[in-house]
Amino acid sequence: MRTNPKAIPSDQGAVSANRIDEHDVGTRLMTARARCAGTIVFTTSFGLEDQVLTHWIASAGLAREIVFATLDTGRLFPEVHDLWALTEDRYGISIRGYAPEAADIERLVLQQGINGFRISPETRRRCCAVRKLVPLERALRGAAGWITGLRADQSQARADTSFLQQDTERGLLKISPLYDWSREQALDFARRLEVPLNPLHARGFVSIGCAPCTRAIAPGEPERAGRWWWEQDAAKECGLHVGSDGRLVRAAASAAAP
Ligand code: SF4
């Protein structure tokens, strides 16, 4: 953990967060902490929801108890790296980047070309596997809990997202404290609390992934329409939250949300 005199003191942040009481995400995080005996990893992609969660984790005084991780795919927007640095500075945290294996990338590019993900859904999934899934497995190795910024209303594929879900394939508790938030709520929260956001959001990039696979969306388009827009598959998932059967991991744990 880096020490940063400009970071928000946790008690000051907690006061702000409590006053706002947005479905009490602080209590949810505390509940998740109590339910997990081991390490909890928060994987951030620096999108709106993840930035809001970073703020809540710091505000709840949990920044030293939760491991911050990100998947540095090698194809991210420069704005994402800038926000990564800004977020570490603002909250006084260190976010560990997990990069793909160099040999895997070299083989992938040799086999299907540098932008081979556009050839077919299969080549796209292969790229996501090398650049995201393999690093994710390393990021979650040994973890008992996994915090994500998933919201149920992001897409049909995510509609069954709930606060606590058992990820049976990875053997950990999947924690989605913003599962019942809307995008508008998250935006409003971020603006009021001056949470640092990716400037691409203001240019119509709603869900932000790798640069060549993300475009801005028009008003009224589904949130994830800008991801792999050339594909017809409405699911628009890269595999991070999908089981081996191709469905989202969604076996809910018994605890109800506070
Ligand atoms: Fe590859 Fe695109 Fe998936 Fe990034 S989002 S890993 S560039 S296919």
Side-chain angles (χ1 to χ4, degrees), residues 41-51 68-84 87 95-141 146 148-151 154-158 161 167 169-170 183 197-201 203-217 221-249:
V41 175
F42 168 41
T43 52
T44 174
S45 62
F46 306 99
L48 168 65
E49 294 79 7
D50 290 341
Q51 289 300 96
F68 290 83
T70 193
L71 308 180
D72 193 5
T73 66
R75 301 301 298 263
L76 298 176
F77 288 96
E79 286 87 346
V80 173
H81 287 136
D82 289 344
L83 186 55
W84 179 351
T87 303
I95 302 168
R96 178 167 176 173
Y98 287 84
E101 300 293 338
D104 291 349
I105 292 291
E106 289 170 7
R107 197 176 309 113
L108 178 82
V109 171
L110 192 62
Q111 287 172 347
Q112 61 185 44
I114 187 65
N115 286 339
F117 42 79
R118 293 219 175 88
I119 298 170
S120 68
E122 186 189 328
T123 60
R124 193 272 285 178
R125 282 193 286 272
R126 205 176 294 145
C127 184
C128 283
V130 168
R131 294 184 186 276
K132 292 182 174 180
L133 296 185
V134 173
L136 177 70
E137 296 310 318
R138 285 202 294 122
L140 295 179
R141 195 168 295 152
W146 175 22
T148 82
L150 295 181
R151 289 188 292 105
Q154 278 173 312
S155 67
Q156 191 57 39
R158 297 184 175 187
T161 301
D167 185 332
E169 297 202 5
R170 294 189 175 94
R183 178 170 177 78
L197 294 181
N198 192 323
L200 291 171
H201 286 315
R203 289 162 43 195
F205 291 79
V206 174
S207 173
I208 302 173
C210 293
C213 299
T214 306
R215 66 159 170 79
I217 62 171
E221 277 194 287
E223 275 190 39
R224 292 179 65 78
R227 305 290 293 276
W228 311 291
W229 64 93
W230 61 89
E231 289 186 5
Q232 301 309 309
D233 178 8
K236 304 284 185 186
E237 296 290 344
C238 55
L240 300 186
H241 303 290
V242 177
S244 55
D245 59 356
R247 293 164 60 86
L248 241 64
V249 176

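Ligands are counted one by one from 1 in listed order, and the atoms in each one are counted from 1 as well. For the numbers below, each heavy atom of this structure counts, side chains included, while hydrogens, waters and symmetry mates do not.
Interface of C128 with ligand 1, defined as ligand atoms under 4.0 Å from a residue heavy atom, comprises 3 (Fe), 6 (S), 8 (S). Set against the non-hydrogen atoms of R131, the atoms of ligand 1 under 4.0 Å away are 1 (Fe), 6 (S). When each atom of ligand 1 is checked for a heavy atom of R124 under 4.0 Å away, the hits are 8 (S).
Donor-acceptor pairing under 3.5 Å is recorded for the side chains of R75 and N115. When only modelled atom types and interatomic distance are considered, R126 and Q112 share a side-chain donor-acceptor pair under 3.5 Å. One side chain, R227 or S207, offers a donor N or O that lies under 3.5 Å from an acceptor on the other. Donor-acceptor pairing under 3.5 Å is recorded for the side chains of T43 and W146. For the residue pair S155 and E223, no side-chain donor N or O sits within less than 3.5 Å of a side-chain acceptor on the partner.
Using cut-offs of 30° and 60° on the angle between ring planes, the pair F46 and W84 is parallel.
Looking at R227 against ligand 1, nothing comes within 4.0 Å, counting heavy atoms.
Counting protein heavy atoms only, atom 1 (Fe) of ligand 1 is closest to C127 SG, 2.4 Å. From the protein, the heavy atom lying nearest to atom 5 (S) of ligand 1 is W228 NE1, 3.4 Å. The protein non-hydrogen atom at the shortest distance from atom 4 (Fe) of ligand 1 is C210 SG, 2.3 Å.
Taking backbone and side chain together, C213 holds an N, O or S atom under 2.8 Å from atom 2 (Fe) of ligand 1.
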